[in-house]
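Right, one structure below, let's go through it.
Computation of the quantities below employed the complete heavy-atom set of this structure, encompassing side-chain atoms and omitting hydrogens, waters and symmetry-equivalent molecules. So that the names make sense, note that chain A is the first sequence line, chain B the second, and so on, each numbered from 1.
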Amino acid sequence: MTIFQEIQTQVQQAFPTLFGSEVELNKITINETPKDFIGDITLVVFPLLKITKKNPEESAKTIGEFLVNNNKNITAYNIIKGFLNLEINNDYWINYVLNQESGIKNQDKNETVLIEYASPNTNKPIHLGHVRNNVLGYALAGIYKANGFNVIKANLTNDRGIHICKSMVAWQHFGNGETPENTTDLKCRKGDHLVGKYYVEFDKHYKQQIADLIEQGKTKEEAEKQAPIMLAAQEMLLKWENGDAETIALWKTMNAWVYAGFDITYKSLGVDFDKFYYESDTYLLGKTIVDEGLKNNVFFKKEDGSVWIDLTEDGLDQKLVLRADGTSVYITQDIGTADLKYADFKMDQSIYVVGNEQDYHFKVLKLIMQKLGRPYADGIHHFSYGMVDLPSGKMKSREGTVVDADDLIADMINIAKEQTEALGKIDDFTEDEKTALFKTIGLGALKFFLLRVDPKKRILFDPKESIDLHGFTGPFVQYTYARTRSILRKASQQSNIDHRPSTIDYTLHASEKELIKVLYKYTIILEDSCKEMNPAKLIDYSYEVAKTYNKFYNDCPILAAEKEEEKIFRLHLTEQTGNIIKQCFAIVGIDVPERM
RNA sequence: GGCCGCGUAGCUCAGGGGAUAGAGCAACUGCCUUCUAAGCAGUCGGUCGCACGUUCGAUUCGUGCCGCGGUCACCA
């Protein structure tokens with residue numbers, strides 16, 4: 001229990017005695033005291049006045065008096081307007097530091113959470129938008145784990161469908177047998193780029209053919225439907241669904257190229273998965289559930305044989321769940337996969353990390369599963385995040401206006417390299433150590449950049465202004481960590497810092513106390529970031545820790561402290577700061593260097 | 001047009017019924033013979049989109065309007 005909660009419940013329990021009436025816990029608002037006032041914790045009395053039946057000053061005085069007399073950690077209080085500012089005993093903070101275990105862990109929740117993220121299409125390499133998805137998904141999984149949940153990271157790979165056939169058709173027509181092994185295009189040695197090249201190629205020819213047909217007097221709609229290359233793709237999709245050997249062989253070959261490429265990108269992003277689902281395995285599953293829903297009158301059939309659900313009573317509209325020809329649509333597959341996930345993992349919560357352009361789709365999916373009476377339906381949650389936009393607007397793979405993930409990662413590492421080398425602090429590093437450090441810093445900057453913004457908000461990325469390494473950034477926090485490590489290394493050469501006094505007698509420096517208070521909040525923030533499903537909360541906190549430590553570092557000598565006890569205490573503070581930074585970053589998937 | 005989301009400093013973002021609205025970047029000024037200056041301190045910069053309402057108190061909640069984005073496919 002934190003001291004915030006402790007005071008809150010203590011005041012609640014005392015209320016009948018003090019004021020002759022009960023009070024709800026949530027009426028007792030406790031805040032940190034703003035910097036310019038005296039005190040550590042502030043209780044706002046305004047909401048309590050109706051119950052105390054006294055004016056703000058008197059009410060605050062009664063509570064303040066009570067707390068000072070009955071809580072040994074509270075030494076003094078002052079009242080400004082309706083704010084009761086409480087001062088916490090120095091020893092409370094000092095003991096907190098001295099008795100803090102290094103590994104803070106939350107209790108096991110005995111609850112399973114499945115988090116689906118990444119979920120790429122196998123027709124093109126991933127871009128910055130997908131990177132946001134990957135980084136958010138991985139961070140969210142880390143946050144749930146750190147909060148004691150059993151987490152399954154799932155990747156639903158979109159490996160079939162018309163868009164996949166487009167790349168295949170284009171490769172057949174224009175590929176001339178190009179493979180990742182024999183290609184002269186360096187970029188295409190990585191198979192996802194090779195396949196992506198033909199996806200773009202398809203679109204180019206498709207557009208040309210449409211233009212030609214329109215010139216021949218067709219309408220735009222006719223042209224779009226009759227373009228030979230599109231007909232070829234549709235034909236290929238049918239062949240694929242019928243299991244045509246040649247088509248399946250080509251599909252397998254090209255998908256294998258893509259997977260080899262994805263593996264490299266996942267690896268450099270440092271993300272991983274416990275379970276891969278493939279749409280080619282799951283796309284038929286939804287159909288039996290559609291039958292079930294028809295029997296239960298959740299769905300209805302129209303004259304042409306197509307199957308629908310009526311969601312008008314839920315404020316939505318009618319939604320198709322199966323085509324007249326009996327083939328699946330997007331949501332049919334998701335219905336089937338939802339059941340499959342539950343069969344596999346019996347999860348309590350099922351989180352979908354998918355962009356906010358699909359808000360409507362997931363609203364529908366959840367409603368359908370609820371109407372079908374699925375036990376996991378209420379646990380479905382769409383973790384909806386904003387798009388990454390460029391100054392020129394939206395990224396579009398087909399039009400080539402994307403920031404490629406591999407390029408971006410390489411750029412970031414390069415920026416890290418240039419700036420690190422310019423500082424000249426790591427000249428004694430081996431080449432391997434340097435390479436590792438540049439990657440740590442470059443990816444740290446990138447991930448921090450993507451995570452520091454509220455997930456539901458869109459991000460504007462300007463390729464011309466590279467991601468910063470100073471200020472509110474990943475490298476700033478990493479730097480602070482390296483700083484703590486540097487001091488601890490020096491300390492270990494000097495004396496034994498393992499010696500831990502049970503108590504210590506001196507007045508905390510203001511910056512020292514400020515730092516302790518920030519460290520104290522760690523578990524609260526970790527819990528909040530999970531409840532609010534917001535990695536930005538943890539990122540923001542890691543920055544606050546670093547910033548506060550740097551101030552402390554500047555104000556308080558550590559190794560050169562006047563008294564030995566002081567030095568030992570400050571080394572403990574330094575160690576804990578480093579531990580918390582490292583933990584925060586590990587949770588969201590950012591590495592931390594020993595030196596930089 | 002219906003529905004959903006977002007409008008906070010020149011730019012990128014925090015805050016989310018409570019005190020004087022905070023960071024970073026950009027601009028300017030100090031601080032390295034002393035533990036890593038990727039740092040610290042400071043100056044400059046705001047009608048929290050607009051209006052009404054609820055409240056002791058609204059940037060925060062509600063309604064309306066304006067602006068931006070998304071979505072309303074037998075695409076995924």
* Got a sec? Which of residues 35-45 of chain A come in under 4.0 Å of RNA chain B, heavy atoms? -> A:Asp36, A:Phe37, A:Thr42, A:Val44

* Asked: Are any of the side-chain nitrogens in A:Asp540 or A:Arg452 under 4.0 Å away from the carboxylate oxygens of its partner?
  -> no

* Structure fact -> Between A:Asp359 and A:Ala536, the residue closer to the 5' end of RNA chain B by nearest nucleotide is A:Asp359

* Using whole Å, report how far OH of A:Tyr385 lies from P of B:G5. => 19 Å

* To do: Could you tell me which nucleotide pairs with B:U34 by Watson-Crick or G-U wobble geometry, both distances under 3.5 Å, or answer none if nothing does?
  => none

* To do: Name the nucleic acid region contacted by A:Asn85, choosing base, sugar-phosphate or nothing; use a 4.0 angstrom heavy-atom cut-off, strictly under.
  => base

* To do: Using a cut-off of 6.0 Å, state whether more than 12 heavy atoms not belonging to A:Lys513 lie near its atom NZ.
  => yes

* Mind checking A:Pro56 for me? I need base, sugar-phosphate or nothing, with any heavy atom below 4.0 Å counting as a touch. => nothing

* Using a cut-off of 4.0 Å between protein heavy atoms and nucleotide atoms, how would you tag nucleotides 25-36 of chain B 5' to 3' with B, S and -? -> S---------BB

* For B:U29, what is the paired nucleotide under Watson-Crick or G-U wobble rules, both distances under 3.5 Å? -> B:A41

* What is the pairing partner of B:G67, taking Watson-Crick or G-U wobble pairs with both distances under 3.5 Å in any strand? -> B:C6

* Separation of atom CG in A:Asn31 from atom C1' in B:G16, rounded to whole Å -> 12 Å

* Structure fact -> By the Watson-Crick or G-U definition, both distances under 3.5 Å, B:G1 is matched with B:C72

* **Residue matched to B:G62 through Watson-Crick or wobble contacts both under 3.5 angstrom** => B:C52

* Please give, in whole Å, the distance from B:G39 P to A:Lys551 NZ? -> 16 Å

* Asked: Is A:Lys287 salt-bridged to A:Asp291, cutoff N-O under 4.0 Å?
  -> no

* To do: Flag the pair A:Tyr278 / A:Trp251 as yes when their ring centroid distance falls below 6.0 Å, and as no otherwise.
  => no

* Asked: Taking CD1 from A:Ile80 and P from B:U20, how many angstroms apart are they, rounded to a whole number?
  -> 11 Å

* Report the distance from atom CZ of A:Phe448 to atom P of B:C13, rounded to the nearest whole Å. => 14 Å

* **Whole-Å distance separating the OH atom of A:Tyr549 from the P atom of B:A38** => 15 Å

* Asked: When all nucleic acid strands are considered with a 4.0 Å heavy-atom cut-off, which category describes A:Phe46: base, sugar-phosphate, or nothing?
  -> base

* Asked: When you look at NZ of A:Lys61, are more than 12 heavy atoms from neighbouring residues, nucleotides or ligands closer to it than 6.0 Å?
  -> no

* Watson-Crick or G-U wobble mate for B:A19, both contacts under 3.5 Å -> none

* Asked: Can you check whether A:Phe83 stacks with the B:A19 base, using ring centres under 5.5 Å and planes within 30°?
  -> yes

* Are there more than 12 heavy atoms of other residues, nucleotides or ligands under 6.0 Å from atom CD of A:Glu32? -> no

* To do: Identify the heavy atoms of A:Ala561 and A:Glu566 that sit nearest to each other, and give their distance.
  => CB-OE1, 3.7 Å

* Using a cut-off of 6.0 Å, state whether more than 12 heavy atoms not belonging to A:Leu423 lie near its atom CG. => yes

* Is it true that A:Lys551 and A:Asp555 have a side-chain N and a carboxylate O under 4.0 angstrom from each other? -> yes

* To do: Write down the atom of A:Thr122, the atom of A:Val195, and the distance for their closest heavy-atom approach.
  => O-CG1, 3.9 Å

* Structure fact -> Taken to the nearest whole Å, CG/A:Asp454 to C1'/B:U8 is 14 Å

* Asked: Between B:A38, B:C56, B:A23, which nucleotide gets closest to the side-chain atoms of A:Lys547?
  -> B:A23

* Rounded to whole angstroms, how far apart are CG on A:Leu460 and P on B:U12? -> 6 Å

* A:Lys302 NZ/CZ over A:Trp308 ring centroid, <6.0 Å and within 45° of normal -> yes

* Report which part of the nucleic acid A:Thr29 touches: base, sugar-phosphate, or nothing (heavy-atom distance under 4.0 Å, all strands). => nothing

* Greater than 12 external heavy atoms within 6.0 Å of A:Lys417's NZ -> no

* Look at A:Asp389 together with A:Lys394 and state whether they make a salt bridge at an N to O cut-off of under 4.0 Å. => no

* **Nearest-nucleotide 5' precedence on RNA chain B, A:Tyr543 against A:Ile459** => A:Ile459

* What one-letter contact string describes nucleotides 68-76 of chain B from 5' to 3', where B marks a base within less than 4.0 Å of any protein heavy atom, S marks contact via sugar-phosphate atoms alone, and - marks no contact? -> --SSS-BSB

* Asked: What does B:U47 pair with, Watson-Crick or G-U, if both distances are under 3.5 Å?
  -> none

